[in-house]
Structures are given as C-alpha cells and as structure tokens.
Amino acid sequence: MEALSPFSEDPKEEPQEKDLLPGDRRFVWGYVAFAIYTLALAASISTWFIALRAPLWVDETGGYWQIVAGFSEIWPRHFLTLSSPEYACILWLSTKLIGTSEVALRIPSILAMLGAVYLLYLAARELFDRDIAIIAAIVFCLNPVVAFEAIDARPYAFAVLVTNAAILILFRLRRNNSNWLAALFGIAAACIVWFQFLYIDILPALLLCFFAIKQCDRKTFWKQFAIALTAFTLTFLPVIPLMLFLFRTSKTHVVEVTPNLQNLLWTLAPGWLLIVFCACGFIAFLDHAAGPRHDSSNRFETWRLLLCASLALIPILILYGVSVGTSVHPFSPPRHRLDAIPGIALCWAFFLSRFRSRISRLLFCIALVTVTAWSQFSSPLAKLHDSTWKYALEYAEKNAGADDAPVVICSDFPEADYSTMPPDSDSAKGSKLFAQLSYYKLSVPVVPMPRTLNDEAIRVGSSFLQEAAQKHERFLAIAKDPSYKTLAWLTQNAAATHSVRKLGEFDRAELLEFVPRTSPAH
C-alpha cells in the first residue's frame, strides 16, 4: 500500500510520480506541516475563550429572558424578542443539562461555532488542497466577529453553522445529481433565516452560485432546482409573518449610526489579516520564480473565484446598501455581517492558493496566528464581552437594600422608546425591556424608564419624583450612556427636594443616589 503524508495530493487530483516511502523528505515534511497547522488551528480557536467567563451583556440577557419562564413561554416570548425560537429551545434544553451560569449559557454557541469551522473546512476542501482548506478555517476562526459570536449566548453561531452547511451542500451539488441533496440544500438555505432574519441577504449569493457552478444536463438541473426551491419555500413559510412584522416595525429597532466605507473595508480585510498578508507578500514573488507546479490548487479556474467572491461580496454589499440608503442601519453591528465571513475566508484562501510553495503558505499561517493570538492575549480589553449591567446592579442592590430604596432604571433596548412602560415594579422585572433583571436580579422596587428622554420618560419620571418628594424617599438611578440625558433631567427636576451624588460608573452604566434634603447626609 502506498504511504501518503497528510498533505500529499489525492490520487484523483494529481498523478502519482512515485511512491512516497516513510523515509522520504516529502513524507516527513507532510507530517510536520500537518502538526503545525493543527497547532495553529488550536491556537486560533483558543482566542475565543479569553472572555468566556465575562458577564452577560444586555442582548445575552434578552436570550435568557426568553427561556426563564419555562418551555411553554418560549414561543409567545419570541414575538417580543424577535429572536429564534429554535435557538431558545436549544438554550432551554442546555440549561436543564448543564445549568445557567455565564459559561453554561455560552456552551451551545461554542459547540455550534466549532461545527461551523469543520463544515467550512469541508467546503474549502471541495475547492482547494488540504493546507489551503485548513488556512481558510484558521482565517475564519481568527476573525473578530467569529471570536465574539463563538461565546455569545445568542443564535448567531447557529446561523453561521447552517450557513456553512448550505455552502458545503452547494459545493457538493456541483457534480452530484441527487434529489435528496438538492432538497437538503433548500432546507438549509431556509434555516439560515430561521436563526437570523438579517442573513436573508446571503440567499441571492447561494442562488447565483447554484446557477453558476452546476454541471449536469438541463433536465437534471431544472429538476434539482425545482426540488430545492420547493423545499426552501415550505421551510421558509413559517418565517414570513414574523419577517413582515419586523419590516413594519424596522424603525423601532434602529440603534446604530450610518456605516462608512472604512467599516466595509475592515469587514473584508481586518487589520491583522491585511498587515500579515502584505508582510508575507514578497514570498509570492519569490514563488513566482520557482518552476511551474501542476497541482490542482494552482490551476486558475474562474468558477472558484466566482463562488468565493459571490459568497463574500453579495451579502455584505446588500447589507451595506440598505444601511447607507435607508434609515435602518443593520450593517453597523458587526454580528450582522457574520454570514459573509465564510465567503471572506474562502476568498483569502483563494488568494493563498496562488502561493506555489507550500512553505510560503505555512509561513503565512504561522505569521497570521502568531500576530493575532499575541494581540488578543496581551490586550487588556480581551477579557471583556461587550458592556454589562452586572456590576452596576450588584452595587445598586447593596446600596439600596438597607432602606429598600427604589431604583430608577432606563431600558437598554431601543424598542423601549416606542412602548408604554410597565405599570409596576414586578411587571418591569418580568419585561423584555429590562431583560437584564431576569438574570442579575434586584430585590428592591424598580421604576422603569425608556431608553431616551421622550414624553413617556417625562411622564413616568414626573410622577415618580412627585411621589418620592411626598414620601421623603431616597432612591437610586441607573442608566447607560444613551440615557445620560434622562439622568440629567432627573437631577435637575429633583434638585429642590433631593441632593444628588454619583456613586460610580460601572462599564458605561452610571449610578446616582438621590437623598432627601431633610435626611442626614449619606
């Protein structure tokens, strides 16, 4: 039997020039390179876990709020969160098995992202040699958006898992005439939207690629297309009502500013990737001087570039166009661009496949992983996972508990600006608009306020200040930076009856104490 190293070409890809014996240098090099790539991939994945124990940020508490009332409430509550009920069921089941700690809530996303990495490797293997496929997986793992969502207790990791599954099935459909595989492709494409509505922007790319790469007779092609379309339509139908509701209420979910061209370029080439690629670029010129190779990875085929570019550019440009051309700006949160990251990783893999020397590819991979991992592990901000309410609420609980002082809280969700505030403290603690209280609890009364200073905020605030003045009651107020104007309004309107002091700022959450002027100084 022939002895093959891990990175020797498959017999179907390249004619065998000679048997590779165990003592052959190419045999040894193959296993050394395989070991290095394996370590590089492990190091890339390890960067995900730097912030694994960080407190939940507000959107993660929104996911927990969806399941905290029990399995029977998942479906009704998903209409309020506009989040995936499939992910909520997975999260609910996970909490029954491993608990509700911050780490436990993030384990399903970690497993899903690991699956996404493996599926991307298999998809890249349909286009490139093994070493290039592993590099594609490494580039994917090191992307900042992937690293964030890999430990995010939200459905994005599952959305990219299904996206990569659809891409893999698409690539295998190129020369496969199976009707079942075509149906599975349609189902996988529809399930992308089940986990994240905004990822509908990748569907045109999948459709274009299906038409561009399929190799079969016309009758078989249209039969597979009809099967895939039917499966997609049936799977997609349940999502339509919720998507229509999302479009009708799109303005109530706007929170970010208009993106610029720099945001687009950063998505296509994060700083670390572009710098390392330029630093290693001279190797490509050295490679060009070498003799021509005959391996499959260096035969330029337009369809490969078309696939990679379509999967990267079409979703990202659609999202960018909607953000720039309308008042809705879904492009700005990087997580909304996650469905384009697999295509971007494949594009970089395609560029690396132009490096004729396998040593050049390996050097690029080592440089990329070393620079990125070092920057991540040495950064003081790496252990943070977005802004959290945990520390402000813990301090408020300790400070307010002595005399059961109420706490005024401004919601951190933009939807609160278009809603009537809950009528009492118990309703506020159970409301999606204050989902952080479902995980980081307060035992004292809560006074709910909108995110910005609007008519509803003035109505609720005026009523509460009048009651606090009559009772000579001490109270606290917490707000994140979008609600600082509300804190200033409370300070100004309570000045006649209360003295105010700042207790601290906890991860962008400012905490104020209002003490009645007739009470002893605190």
Side-chain angles (χ1 to χ4, degrees), residues 54-113 148-162 191-199 238-239 241-246 249-250 252-253 255 330 333 335-336 338 385-390 393 409 411-416 418-419 421-422 426-442 446 448 451:
L56 303 182
W57 70 295
V58 66
D59 280 12
E60 288 182 295
T61 60
Y64 179 77
W65 175 85
Q66 192 176 352
I67 67 168
V68 70
F71 184 80
S72 61
E73 289 297 312
I74 289 178
W75 183 256
R77 289 194 172 198
H78 100 276
F79 286 98
L80 299 175
T81 60
L82 297 178
S83 185
S84 163
E86 296 79 18
Y87 169 73
C89 292
I90 295 171
L91 187 63
W92 176 84
L93 179 61
S94 173
T95 60
K96 298 302 177 184
L97 297 175
I98 58 178
T100 59
S101 67
E102 285 101 339
V103 174
L105 291 175
R106 289 167 173 158
I107 285 179
S109 293
I110 294 171
L111 297 177
M113 195 62 82
F148 184 91
E149 294 306 328
I151 61 165
D152 201 37
R154 304 200 67 214
Y156 292 94
F158 287 87
V160 78
L161 172 67
V162 182
C191 287
I192 296 173
V193 188
W194 269 99
F195 282 105
Q196 175 48 247
F197 305 130
L198 291 176
Y199 291 175
V239 190
L242 195 57
M243 290 201 69
L244 293 176
F245 173 77
L246 180 65
T249 61
S250 58
T252 68
H253 312 296
V255 8
R335 59 187 177 274
H336 293 166
L338 181 60
H385 188 68
D386 216 307
S387 177
T388 181
W389 282 82
K390 177 181 179 179
L393 292 175
I409 299 182
S411 174
D412 206 13
F413 292 92
E415 293 84 358
Y418 304 88
S419 305
M421 290 296 98
D426 291 338
S427 300
K429 291 179 181 179
S431 170
K432 186 265 177 182
L433 301 177
F434 301 90
Q436 64 271 28
L437 299 179
S438 67
Y439 195 82
Y440 301 114
K441 300 183 182 297
L442 283 178
V446 168
R451 191 169 190 257

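These values consider heavy atoms only, across backbone and side chains, with no hydrogens, waters or symmetry-generated copies.
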*Asks:* Within this structure, what is the CD1-CG distance for the pair I192 and L198, rounded to the nearest 0.5 Å?
*Replies:*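 One gets 13.0 Å once the value is rounded to the nearest 0.5 Å.
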*Asks:* Could R335 and D59 be called an ion pair, given the rule that one side-chain N must be under 4.0 Å from one carboxylate O?
*Replies:*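 Yes, R335 and D59 are salt-bridged.
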*Asks:* side-chain contact (heavy atoms from CB on, under 4.5 Å), that's the test. Do D386 and D152 meet it? Break it down for me.
*Replies:* CA-CA 10 Å; D386 216 307; D152 201 37; over 6 Å; no
*Asks:* Tell me if a side-chain donor or acceptor on R77 pairs with a main-chain N or O of Q66 at a distance below 3.5 Å.
*Replies:*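 Checked: no pair found.
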*Asks:* Are S419 and L433 side-chain neighbours, meaning at least one heavy-atom pair lies under 4.5 Å?
*Replies:*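 Yes, side chains in contact.
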*Asks:* Please give me the minimum heavy-atom distance between S438 and Y64, naming the atom from each residue.
*Replies:*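 So the minimum-distance heavy-atom pair works out to O-CE2, 3.3 Å.
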*Asks:* Considering all heavy atoms of both residues, which atom of V160 and which atom of A157 are nearest to each other, and what is their separation?
*Replies:*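 Smallest interatomic distance, heavy atoms only, reads CG1-O, 3.2 Å.
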*Asks:* Could you measure the distance from the CD1 atom of I74 to the CD1 atom of I90? Nearest 0.5 Å is fine.
*Replies:*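 Answer rounded to 0.5 Å: 10.5 Å.
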*Asks:* How long is the span from the NZ atom in K441 to the OH atom in Y439, to the nearest 0.5 Å?
*Replies:*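 That separation rounds to 10.0 Å.
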*Asks:* Report the distance from atom CE of M113 to atom CG of L338, rounding to the nearest 0.5 Å.
*Replies:*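 So the CE of M113 and the CG of L338 are separated by 5.5 Å.
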*Asks:* Would a distance-only check, ignoring hydrogens and angles, find a side-chain to backbone donor-acceptor pair under 3.5 Å from K432 to W65?
*Replies:*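 Absent.
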*Asks:* Carefully, step by step, assess S411 and F434 under the rule side-chain contact (heavy atoms from CB on, under 4.5 Å).
*Replies:* CA-CA 6 Å; S411 174; F434 301 90; 3.8 Å; yes
*Asks:* Apply the test side-chain contact (heavy atoms from CB on, under 4.5 Å) to residues E102 and E60: give CA-CA distance (whole Å), side-chain angles for both, the deciding distance (0.1 Å), then the verdict.
*Replies:* CA-CA 10 Å; E102 285 101 339; E60 288 182 295; over 6 Å; no
*Asks:* What are the two closest non-hydrogen atoms of P448 and P422, and how far apart are they?
*Replies:*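 Reported closest heavy-atom pair: CG-O, 3.6 Å.
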*Asks:* Taking all non-hydrogen atoms of both residues into account, name the closest pair between Y87 and A153 and its distance.
*Replies:*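 Y87 and A153 have their closest heavy atoms at OH-C, 2.9 Å.
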*Asks:* Is the side chain of Y199 donor-acceptor paired with the backbone N or O of W194 at a distance under 3.5 Å, no angle test?
*Replies:*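 Not at all, since once roles are kept as given, no pair shorter than 3.5 Å links the two residues.
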*Asks:* Which label fits F158 and F195: parallel for a plane angle under 30°, tilted from 30 to 60°, or perpendicular past 60°?
*Replies:*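 Taking F195 first and then F158, their aromatic rings lie parallel (interplane angle under 30°).
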*Asks:* Give the minimum heavy-atom separation between H385 and A54, together with the two atoms involved.
*Replies:*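 Result for this residue pair: CB-CB, 3.7 Å.
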*Asks:* Report the C-alpha separation of K390 and L56 in whole Å, then their side-chain angles, then the decisive distance to 0.1 Å, and conclude whether the side-chain contact (heavy atoms from CB on, under 4.5 Å) test is met.
*Replies:* CA-CA 8 Å; K390 177 181 179 179; L56 303 182; over 6 Å; no
*Asks:* Please tabulate, for side-chain N and O atoms in residues 91-101, each donor-acceptor pair with protein atoms closer than 3.5 Å (sequence neighbours left out).
*Replies:*
residue : atom : partner : partner atom : Å
T95     : OG1  : W92     : O            : 2.6
S101    : OG   : A104    : N            : 3.1

*Asks:* Would you compute the distance between atom CZ of F413 and atom CD of Q436 and round it to the nearest 0.5 angstrom?
*Replies:*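 The CD atom of Q436 is 6.5 Å from CZ of F413, to the nearest 0.5 Å.
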*Asks:* Could you grab the distance from atom CD1 of I110 to atom CD of E149, nearest 0.5 Å is fine?
*Replies:*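 Going from the CD1 atom of I110 to the CD atom of E149 covers 12.5 Å.
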